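Data block below; observations after.
Keep in mind the model is a prediction, meaning the values are calculated, not measured.
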Amino acid sequence: MRSTDFAPDILPQNLRGICRQSRTEANDFMKRSLPSTNAVEGFGALAQSTRLTAVRQLLAVHPNTLPAGEIARRCAVPHNTMSTHLRILSRAGLIEVERDGRVMNYRANTRGFEQLVDFLTHECCKGRPDLCGFHPATALKEGEEAGLPIDAIVPAFNVLFLCTQNSARSIIAEALLERLGSGRFRAYSAGTEPANAPLPEVVRRLEMLGHETSQLRCKAWSEFKGPNAPRMDFVVALCDVPHGQICEQLGNRLAAAWPLPDPAQFSGSASERTTLLNELYAMIRRRVEAFVNLPLRSLDRAALKTRLDEIGDTTRLAP
């Protein structure tokens, strides 16, 4: 027999028990380590802004599906780029795909998200996460059983975007937050000197990018001052302060200033205006993405105000 051969039948009884125990422990270790590998892949798939946006869009329409092209439009990325992101999410078990002829339709796999949460909370309170109320699935189930709407279980934040004419910047911000907020935010917009209607090129651009525009209109800031108006949690001023635009006093609401150029002042050819409008859309999208990813419920008012101002600081966030 070679020294590397292993023959348990000729081992003493106590050593056979040790070997069996070692094999059992090894098997248990493999069972424990496999979920860890899956969790790393799942969290890694979510650790990218486009994939996170895609997942939120799919969760917002669940249990319905979205075709790949629509997801690409909503995420404002090329179709081939979106296909790569969708494959990563699918491998991680976070989305499912159904083929309808030549169209690929995607649905959020809620079980995949439940498993990620279970992985994080499994050891909480010595294996009893319900004791500290940390398990979100438990809270959601209890709320649904009590007949509460989703908004009553997880209240949405009201956000008002304010600019001069409410015809471009604030309209774009409202449309973006409605899409990226995934139900956690209600977006509004208004102007200190509202125009009669949003800029046609802004509406066309939003529609090309897959935004719903039928409800977008120019509104006066005064609509949100009355006793029956929705209470705003955040007011974000988009006026181009460096070039002399001044937004009205924001009162005691938690406010931030994100100064942005006014498309109404854009000049040049049609193609040049389109380029400038695309750049403005990207600037606003980056700010809105940063905003929706803030840990709002864990920050006090002062810290939150600082973070909001940082989002609008072009020296910190690339325009």
Side-chain angles (χ1 to χ4, degrees), residues 46 49 52-62 74-75 108 113 117 133-134 136-137 139-140 143-144 148-163 166 169-191 206 211-212 215-217 219-239 247-260 283-313 316-317:
L46 292 172
S49 59
L52 192 59
T53 299
V55 163
R56 285 175 168 170
Q57 291 297 314
L58 289 170
L59 286 171
V61 302
H62 189 271
R74 294 189 179 199
C75 295
F113 294 97
V117 173
F134 183 70
L140 183 60
E144 290 175 337
L148 296 174
I150 294 298
D151 286 348
I153 302 169
V154 184
F157 293 100
N158 289 336
V159 183
L160 176 65
F161 293 101
L162 185 65
C163 69
N166 188 210
R169 292 163 294 186
S170 53
I171 290 288
I172 294 172
E174 178 183 354
L176 277 166
L177 184 58
E178 279 296 318
R179 170 185 289 182
L180 301 176
S182 302
R184 297 189 298 120
F185 300 88
R186 295 190 184 96
Y188 302 86
S189 67
L206 289 174
H211 290 277
E212 171 58 48
Q215 301 300 315
L216 297 177
R217 62 183 180 89
K219 302 169 289 298
W221 163 236
S222 58
E223 284 193 24
F224 298 93
K225 290 183 176 181
N228 297 322
R231 182 188 179 281
M232 292 298 133
D233 298 295
F234 302 94
V235 177
V236 181
L238 307 178
C239 302
C247 283
E248 189 170 331
Q249 191 61 246
L250 302 176
N252 294 324
R253 297 166 179 82
L254 189 56
W258 301 350
L260 293 164
M283 292 164 69
I284 297 174
R285 182 186 177 96
R286 280 192 287 270
R287 285 157 176 77
V288 172
E289 285 180 337
F291 173 64
V292 300
N293 285 301
L294 288 177
L296 299 179
R297 300 186 186 278
S298 64
L299 296 174
D300 61 30
R301 186 180 179 88
L304 188 52
K305 178 67 168 68
T306 299
R307 298 288 289 274
L308 288 173
D309 289 338
E310 288 175 352
I311 291 174
D313 185 352
R316 286 178 167 270
L317 187 65

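- Here the CG-CZ distance, from Leu177 to Arg186, works out to 11.5 Å after rounding to the nearest 0.5 Å.
- Considering every non-hydrogen atom in both Ala187 and Glu178, the closest pair reads N-OE2, 2.9 Å.
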Could you walk me through whether Leu260 and Arg287 satisfy the side-chain contact (heavy atoms from CB on, under 4.5 Å) test, starting with their C-alpha distance in whole Å, then the side-chain angles of each, then the deciding distance to 0.1 Å, before giving a yes or no? CA-CA 11 Å; Leu260 293 164; Arg287 285 157 176 77; 4.1 Å; yes
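- In plain terms, the two heavy atoms of Val288 and Ala173 that are nearest each other are CG2-O, 4.5 Å.
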Assess whether side-chain contact (heavy atoms from CB on, under 4.5 Å) is satisfied between Val236 and Leu308, documenting all intermediate values. CA-CA 9 Å; Val236 181; Leu308 288 173; 5.6 Å; no
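- Arg285 CZ to Ser49 OG: the interatomic distance, rounded to the nearest 0.5 Å, is 7.5 Å.
- Two rings, from Phe234 and Phe291, have their centers less than 6.0 Å apart.
- Ring pair Phe224/Tyr188 is perpendicular by interplanar angle, where above 60° counts as perpendicular and below 30° as parallel.
- We find the CZ-CZ distance between Arg56 and Arg184 to be 4.5 Å, quoted to the nearest 0.5 Å.
- At distances below 3.5 Å, not a single donor-acceptor pair connects side-chain atoms of Asp233 with backbone N or O atoms of Phe157.
- Summarising the geometry, atom CZ belonging to Arg231 is positioned 8.5 Å from atom CG belonging to Asn158; distances are rounded to the nearest 0.5 Å.
- Distance check, rounded to the nearest 0.5 Å: CE of Met232 to NZ of Lys225 gives 13.5 Å.
- The minimum heavy-atom distance between Gly312 and Pro259, with the atom names listed, is O-CD, 4.0 Å.
- Between the side chain of Arg74 and the main chain of Arg179, no donor-acceptor pair closer than 3.5 Å is present.
- Nearest heavy atom pair, residue Ser170 against residue Ser189, reads O-CB, 3.5 Å.
- No donor-acceptor pair under 3.5 Å is formed between the side chain of Lys305 and the backbone N or O of Ala256.
- Atom CD of Glu289 and atom OG1 of Thr53 lie 5.0 Å apart (nearest 0.5 Å).
- In this structure, Trp258 and Phe161 have tilted ring planes: the angle between them lies in the 30° to 60° band.
- Closest approach of Asn166 and Ile171 over heavy atoms only: O-CG1, 3.4 Å.
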Test salt bridge (Lys or Arg N to Asp or Glu O under 4.0 Å) on Arg307 and Asp309 and set out the steps. CA-CA 5 Å; Arg307 298 288 289 274; Asp309 289 338; over 6 Å; no
